[in-house]
Amino acid sequence: MEDLCNASPADLLDMLQDVDGALDHRSRQRLRAGIEALLAENRDFAARNARVNLERDALFAAIGRQGIVYGADGRPVVAGPGDENPITRSLSGMQDAPLRYLDGRPVQSRDLPGHRALRGETLTSCRFVIPAAGDEEIHIAVSASPVITGERISGAVVTWQDITREEKTRRRLEEVNTLLEGLFENLGDIVGVQLPDHTILRYNRAGYEMLGMTPEEVKGRTCYGLIGRTGPCTICATDRALASKKREVVEKFVPELGRYLECRSSPILGPGGEVAFVIEQLYDITDRKRAEDERRESEATARALLNAPADMIALVDMDCRFIDANDRLLRRVSMSREGLIGMNAIELFSEDMVGLYRSRLQAVSGSGKFMRFEEMRQGRWYSTVLYPVRDASGAVTRVAVVVRDITGKKQGEEALRKRTHELNERVKELSILYAVSRIVEQPGRSLDEIFSEVTRALPSGWQFPEDLVARITLRGRKFETEGFRETPWRQTSPIVAYAETVGTVEVCYLHEKPEMDDGPFLADERSLIDTIAGRLGRAIERVQAAEDLQKSESQFQEIMQQSFDLIYTCYHEGGISYISPAVMRILGYTPDELIGCKCRDYVVPSSLPEWEKGRTKIAAGEPVEGLGIEFRRKDGSAAFLELNESPIVRDRSVVGVHVVGRDITERKQNEHLRQQAFEQIERNIEQFAILGDHIRQPLQVILGMTEVLEEGVAVERIREQVERINNYVRELDRGWIESRQVREFLRKHELA
């Protein structure tokens with residue numbers, strides 16, 4: 001273009017003659033005039049273009065070529081440092097590098113800084129974010145302004161500054177400030193800031209809690225004034241720090257607080273070296289003084305744990321290069337820490353192992369989550385945990401590897417598995433024992449029913465029930481599971497009842513099984529079959545005893561039904577529950593008529609006192625014998641019964657009575673007649689005595705009269721008759737004496 005601007009019209013015409021030699025003079029004149037006008041316009045355009053190039057070069061030189069110049073049509077004219085730069089591509093609206101606001105929203109094409117400047121806006125240090133590789137981000141500060149030529153916008157200039165490092169520094173500073181403020185506020189110890197004259201600027205939360213004051217109440221007051229003093233403490237760490245301009249520590253007892261405190265005062269110097277303010281830290285050491293021995297012991301324990309950890313721990317980068325390691329790992333690889341740090345794992349372990357670990361490290365880095373796995377190496381089991389370690393930006397750059405030898409644990413798990421298997425076998429054995437007990441203890445079952453069900457239940461108690469058959473024999477009878485046959489893999493136990501072998505219990509495996517304690521059988525299975533055989537033997541004895549008891553009860557019931565005496569059972573709540581048929585003969589009632597009735601209702605009133613005495617003894621749990629009670633018969637007459645009673649006791653309480661009653665009505669009547677006869681004999685004895693006296697008196701008179709009469713045959717005859725009568729009287733006396741002796745004998749033996 002510059003050559004055309006400097007060329008003469010004649011030269012251009014000469015050039016055109018070669019193209020068209022047929023031009024006439026007039027045409028050449030007109031063509032010359034046009035070319036001259038065109039060259040003049042071209043020279044003006046070249047001058048303006050040179051000026052723009054100079055301005056552009058000056059602008060890019062001033063901003064270090066970090067910018068984009070847009071033409072009026074919105075297209076970038078020049079972009080620095082180049083189209084490959086992600087910032088340039090992002091500000092140009094490229095989709096592979098989207099521009100975002102600080103809150104994460106994408107910037108629309110029409111809102112790009114260059115487009116906004118073309119609309120007349122001026123942007124100053126507007127901040128944007130550009131996503132980069134991984135979780136990284138690029139932070140930029142963008143300025144944009146329109147280029148105005150005359151009164152119209154002829155383009156725009158966008159400049160930026162990469163402030164990623166400044167943004168990271170700002171964030172770190174904010175994090176540090178937040179951390180420091182959090183640490184300050186949440187320290188368990190008391191921290192305060194004061195001026196050199198002891199005026200308090202602030203305390204942390206622990207300080208305000210100790211004083212029981214708010215920040216407003218504390219601010220502006222002196223530290224000694226807060227505890228009620230008029231001047232600084234005699235031993236004051238702050239005064240010492242002011243004098244030495246170094247950190248000072250003192251321990252003292254504060255009576256106002258009743259505590260021992262350790263005061264640490266650290267001076268903060270100003271630009272001129274003077275103390276600007278003092279940081280005071282207060283530690284309550286009251287408990288510490290009492291627990292120094294415990295603390296030393298705890299420190300020794302902690303030191304021992306740190307020096308001899310149970311796990312091997314290492315910190316590695318993503319390329320399996322060691323960054324740090326504990327003593328356990330150092331001893332394992334027989335290296336010093338200095339020799340191990342910086343070494344790649346491939347120098348210590350096999351390439352396959354390192355490759356496997358490298359893939360695991362990549363997986364942890366990609367997921368950001370820890371990984372746990374177990375593996376065996378050189379005959380030992382190890383449990384390994386990979387923990388991701390992030391850098392300040394949140395990217396996983398390192399991984400903590402914790403390796404624990406779990407060989408003992410694995411051996412324990414194997415032992416536990418075996419033990420669990422054994423316990424499962426014991427559960428099966430307990431289940432079959434429970435099933436056998438349930439079958440045996442069901443009432444009303446015959447031995448055949450019991451043995452059939454037990455035979456079917458037997459296989460479930462052995463280790464391989466699907467291949468086990470069983471048989472029980474009892475006095476020649478056999479009870480078998482389906483498909484039973486005798487095999488070499490057999491286990492038997494005798495059934496013993498009443499000290500006699502009455503049968504056997506047999507189990508057989510149909511196919512060969514692994515060798516255990518007793519052939520294919522476990523030792524506990526021998527105990528199991530013996531236990532079942534023993535239960536069956538006791539079941540036989542129990543069933544036999546139940547049958548014998550039933551026979552005895554039947555016989556006893558028959559005896560009660562045929563008993564001549566009255567037998568009944570009566571409860572306090574329900575009345576008579578049983579009464580023997582003898583009641584019909586004795587009282588005239590049927591048993592059904594008296595069931596549920598009260599015995600007292602049939603007692604004759606004259607016998608109620610004796611009845612109540614018997615009830616009192618029964619209520620005290622004492623038996624009653626020979627209780628004589630008159631009962632009312634159904635026909636209205638009375639029957640005299642002699643009762644023998646026994647209390648029925650349940651849960652230490654008398655709930656009823658068993659009674660055996662004998663009908664002694666006829667005996668009572670005979671006793672009454674006998675008593676009347678004895679009474680008549682008594683009266684006769686007395687009459688005999690009186691009659692003898694009455695006869696002796698007249699005889700004495702007659703005998704006396706013979707004394708006055710003359711002796712003769714008549715007198716002799718009278719004397720003979722008197723003597724004869726005296727003999728009769730003497731015989732009466734002897735009878736009276738014998739009667740008295742009989743009476744005394746009867747009385748002595750309670751016959752009268």
Kindly say whether A206 contributes a backbone atom to a donor-acceptor pair with the side chain of E209 at under 3.5 angstrom?
no
Quick one: CD1 on I629 to NZ on K613, what's the gap to the nearest 0.5 Å?
10.0 Å
Rounded to the nearest 0.5 Å, the CG atom of L474 sits from the OG1 atom of T504 at a distance of 9.5 Å
Any side-chain heavy atom of V507 within less than 4.5 Å of one from R490?
no
Using a 6.0 Å cut-off, check whether atom CD of E625 has over 12 heavy atoms from anything other than its own residue.
no
Stepwise side chain to side chain contact (heavy atoms under 4.5 Å, CB included) check, Y509 with W462
CA-CA 10 Å; Y509 281 124; W462 268 255; 3.9 Å; yes
V624 and G614 have their tightest heavy-atom pair at CG2-O, 3.7 Å
Are any non-hydrogen side-chain atoms of F451 and I495 less than 4.5 angstrom apart?
yes
Using side chain to side chain contact (heavy atoms under 4.5 Å, CB included) as the criterion, point out the one residue from V659, L594, I576 that pairs with C570.
I576
Which atom pairs, one a donor and one an acceptor, fall under 3.5 Å between side chains of residues 641-648 and the rest of the protein, sequence neighbours left out?
unit_1 : atom_1 : unit_2 : atom_2 : d
N644   : OD1    : G626   : N      : 2.9
E645   : OE1    : R615   : NH2    : 2.6
E645   : OE2    : R615   : NH2    : 3.1

Sidechain-backbone polar pair: T501 side chain, V496 backbone, donor-acceptor under 3.5 Å
no
Donor-acceptor check, side chain of R456 to backbone of T481, threshold 3.5 angstrom: yes or no?
no
Between S460 (side chain only) and A457 (backbone N and O only), is there a donor and an acceptor less than 3.5 Å apart?
yes
Any pair counted as salt bridge (Lys or Arg N to Asp or Glu O under 4.0 Å), so long as it reaches residues 532-542, sequence neighbours left out
E441-R535
Close side-chain approach of T492 and V505, heavy atoms under 4.5 Å
no
Indicate the atoms forming the closest heavy-atom contact of K598 with Y571, along with that distance.
NZ-O, 3.9 Å
Is the shortest side-chain heavy-atom distance between E612 and R600 below 4.5 Å?
yes
Do I595 and S577 have side chains that approach each other closer than 4.5 Å (heavy atoms only, starting at C-beta)?
no
From CA spacing to verdict: side chain to side chain contact (heavy atoms under 4.5 Å, CB included), D311, V403
CA-CA 6 Å; D311 301 333; V403 181; over 6 Å; no
Answer yes or no: is there a side-chain heavy-atom contact under 4.5 Å between V655 and V649?
no
In the structure I gave you, are the side-chain heavy atoms of R485 and V469 within less than 4.5 Å of one another anywhere?
no
Residue M210 excluded, over 12 heavy atoms near CE under 6.0 Å:
yes
Among all residues two or more places apart in sequence or in another chain, which pass the side-chain contact (heavy atoms from CB on, under 4.5 Å) test with T616?
none
Got a sec, which residues hit side-chain hydrogen bond (donor to acceptor under 3.5 Å, both in side chains) with S383, two or more places apart in sequence or on another chain?
none
Criterion side-chain hydrogen bond (donor to acceptor under 3.5 Å, both in side chains) on D592 and T590, from CA distance to verdict
CA-CA 5 Å; D592 292 339; T590 63; 5.5 Å; no
Donor-acceptor pairs under 3.5 Å, side chain of residues 601-609 to any protein atom, not counting sequence neighbours: which ones?
unit_1 : atom_1 : unit_2 : atom_2 : d
S607   : OG     : E630   : N      : 3.0

Can a side-chain donor-acceptor contact be found between D448 and S446 if the only test is distance below 3.5 angstrom?
no
Do K634 and L587 pass the side chain to side chain contact (heavy atoms under 4.5 Å, CB included) test, and can you show the C-alpha distance, the side-chain angles, and the key distance before you say yes or no?
CA-CA 6 Å; K634 189 173 183 179; L587 298 180; over 6 Å; no
Could you measure the distance from the CG atom of L536 to the CD1 atom of I450? Nearest 0.5 Å is fine.
8.5 Å
Above 12 or not: heavy atoms from other molecules or residues under 6.0 Å from CZ of F373?
yes
Evaluate the side chain to side chain contact (heavy atoms under 4.5 Å, CB included) criterion for residues Y387 and V402: first the C-alpha distance (whole Å), next the side-chain angles of each, then the deciding distance (0.1 Å), finally the verdict.
CA-CA 8 Å; Y387 291 96; V402 181; 4.2 Å; yes
Determine yes or no for a side-chain-to-main-chain donor-acceptor pair under 3.5 angstrom, with T531 supplying the side chain and S527 the backbone.
yes
Mind checking the OG-CZ spacing from S637 to F631? Nearest 0.5 Å is all I need.
13.5 Å
Can you measure from OG1 (T384) to CD (E374) and round to the nearest 0.5 angstrom?
9.0 Å
Least distance between heavy atoms, Q491 atom then F521 atom
OE1-CD2, 3.4 Å
Nearest heavy-atom approach of L468 to P459 is CD2-CA, 3.5 Å
Apply side-chain contact (heavy atoms from CB on, under 4.5 Å) to R471 and list each qualifying residue two or more places apart in sequence or on a separate chain.
T473, K478, E480, F484, E486, E506
Side chain D651, main chain S653, donor-acceptor under 3.5 Å
no
Among I567, V660, T569, find the residue that satisfies the side chain to side chain contact (heavy atoms under 4.5 Å, CB included) test when tested with S580.
I567
If you measure from OG1 on T665 to CZ on R662, what distance do you get to the nearest 0.5 Å?
13.0 Å
Please check this pair: side chain of R633 against backbone of A638, looking for a donor-acceptor N/O pair closer than 3.5 Å.
yes
Heavy-atom side-chain contact between Y382 and I406 under 4.5 Å
no
Is D565 reaching over with its side chain to a backbone N or O of D663, donor-acceptor style, under 3.5 angstrom?
no
Any donor-acceptor pair under 3.5 Å from T487 side chain to C508 backbone:
no
